[in-house]
Structure formats: structure tokens, C-alpha cells
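Here's the structure, in C-alpha cells; my notes come after.
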Amino acid sequence: QEAGFWGSEFDVNMTSDGELIIYHDSDVEGKNIEKHPYSEFKDFKIKNGETIPTIDQYLEQGKKYPETMLVYELKPHSSIEVEEKFVNLTISKLKEHDLLDPERVMFISFSLYICERLAALLPEFTVQFLGSSKSPAELAKLGINGVDYNHAVYTLHKKWYSQARKNRMSVNAWTVNAASDMKRMIKMGVDQITTDQPLEAREILKSREL
């Protein structure tokens, strides 16, 4: 946010008792998040010394930055039944915090079912499927309106970018951390890049020295 970026991506997992927590991995100290209740994780300290935030804490923080898009990554879970509950809780939490707004929130996931379900329930929202197991044409047939590939995929599958555009899909490139890759993806015309180097990307975007 301090870098002036439009989006903040965060990874969401669901505990066995239905608490949504912000955490990248599927387990905490060897305990699978999906198989254990929130009480077993609430005191765990992450690298900066803070406890793992809940989605409620994160969304309340996000509301303080109205110009920032909240990029909501729903982590895959063990079954369609669990993922269905996960999607429903996600939508419920966004409504509760008055953030069920396509201008403020977009969704990404490695789970094809989660993407399909979100696209069906919230067709006005951007929903991007992560990973290269499906082409843009295949995803479009499932009603999914966005693609989110590792930046190298656009080099390996040159037709996929035009395929996505033909189907009016939102296009993101991730792991764009080298300056040369940033310039290449921006020049290509993708809608977003996802990077661990926001300050460097900001300078490139500002200078337009592509």
C-alpha cells in the first residue's frame, strides 16, 4: 500500500471449525489447518512475531485502504464438500464486512472447483484460475473469466495470451520478480503482475522504460 500499488494478495485457509485464517501453507508446525480447530493455531507466532490473522482482522485492515484491491487466494482443500463450505463462508465474510464488491475484491485459486463455484455465484467478480493445467479456452467454457499463470507460461504457450483476450478474460502473470520479466509482461499488456519486488515494479511502471 505504501508503494502505491493497486492490490494486496492474501492466502486464506479454513480450519476444521470453520474459521478463515490468513496463512500461505496448508499446515502449521505439521498440523494440517483443515483437520484442526482454530484454537490450536490462534497463539502461533508468524515470522514478524504476530499471531496468524483471521479473515475478519484482515478485511477490517483492508477497509482502511479503499483504493487497494483485495486479491483473495482461496487455498485448495481436500474435497468438493469442504471447498463448498469454504466458498460459502468466504462470501458470507465479505458481506459481513461490507466488502462484497467487484471493485474492491477479486479471487484466485489453484482449485478448479473453487473457481467454477465462485464464477457461478459471483459472475460480476474477477475469478482467476492459477496454474497451467487448463488453457484459457478450457477455462472460459467453465465460466471462469480470468487466467493467472506463472510468467514463463506465456512464453511456452504463446497462443494462450491471445486466447484469453479472445474470451475477454482478465490476465495476470505471477512470480514476476526480475526487472526483465516485469518489463516483458507489462509490454505484453497483461492486466496485472504479481511480484515480491513491489518497489522495483513501481519504478518500472512509473518510468515506462520498457
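A donor-acceptor pair under 3.5 Å links the side-chain atoms of Glu83 to the main chain of His77, judged by distance alone. The main-chain N or O of Asp25 is found under 3.5 Å from a side-chain atom of Asn13 such that the two form a donor-acceptor pair. Using a distance-only test at 3.5 Å, with no hydrogens or angles considered, a donor-acceptor pair links the side chain of Asp101 to the main chain of Glu103.
Side chains of Ser132 and Asn150: a donor-acceptor N/O pair is absent below 3.5 angstrom, by distance only.
Applying the under-4.5 Å side-chain rule to Ile, Leu, Val, Met, Phe, Trp and Tyr, the cluster around Tyr113 extends to Ile80.
In this structure, CD1 in Ile21 is found 6.5 Å from OG1 in Thr15, a value given to the nearest 0.5 Å. The distance from atom CD1 of Ile46 to atom CD1 of Ile22, rounded to the nearest 0.5 Å, is 10.0 Å. The CG atom of Leu70 lies 6.5 Å from the CG atom of Leu59; values are rounded to the nearest 0.5 Å. To the nearest 0.5 angstrom, Tyr58 atom OH is 13.5 Å from His97 atom NE2.
A salt bridge is defined here as a Lys NZ or Arg NE, NH1 or NH2 lying under 4.0 Å from an Asp or Glu carboxylate O, and Glu138 with Lys141 fails to meet this definition.
Relative orientation of the Tyr161 and Tyr154 rings is perpendicular, given thresholds of 30° and 60° on the angle between their planes. Relative ring orientation between Phe107 and Tyr72 is described as tilted, the plane-to-plane angle lying within the 30° to 60° band.
For Asp181, the salt bridge (Lys or Arg N to Asp or Glu O under 4.0 Å) test picks out Arg184, with sequence neighbours left out. For Ser16, the side chain to side chain contact (heavy atoms under 4.5 Å, CB included) test picks out Pro37, with sequence neighbours left out. For Glu40, the salt bridge (Lys or Arg N to Asp or Glu O under 4.0 Å) test picks out Lys31, with sequence neighbours left out.
By the rule that hydrophobic residues join a cluster once side-chain heavy atoms approach within less than 4.5 Å of another member, Phe44 and Phe10 end up as members of separate clusters.
More than 12 heavy atoms of other residues, nucleotides or ligands lie within 6.0 Å of CG in Asp17, so this atom counts as buried by the packing criterion. Heavy atoms of other residues, nucleotides or ligands lying less than 6.0 angstrom from NZ of Lys159 number 12 at most.
Applying the ring pair (Phe, Tyr, Trp, His ring centres under 6.0 Å) rule to pairs touching residues 167-204 yields nothing, sequence neighbours excluded. Within the structure, every pair that satisfies the salt bridge (charged side-chain N to carboxylate O under 4.0 Å, His left out) test and touches residues 104-119, not counting sequence neighbours, is listed here: Glu84-Arg117.
Of all non-hydrogen atoms in Cys115 and Ser109, the two that sit nearest each other are SG-O, 3.7 Å.
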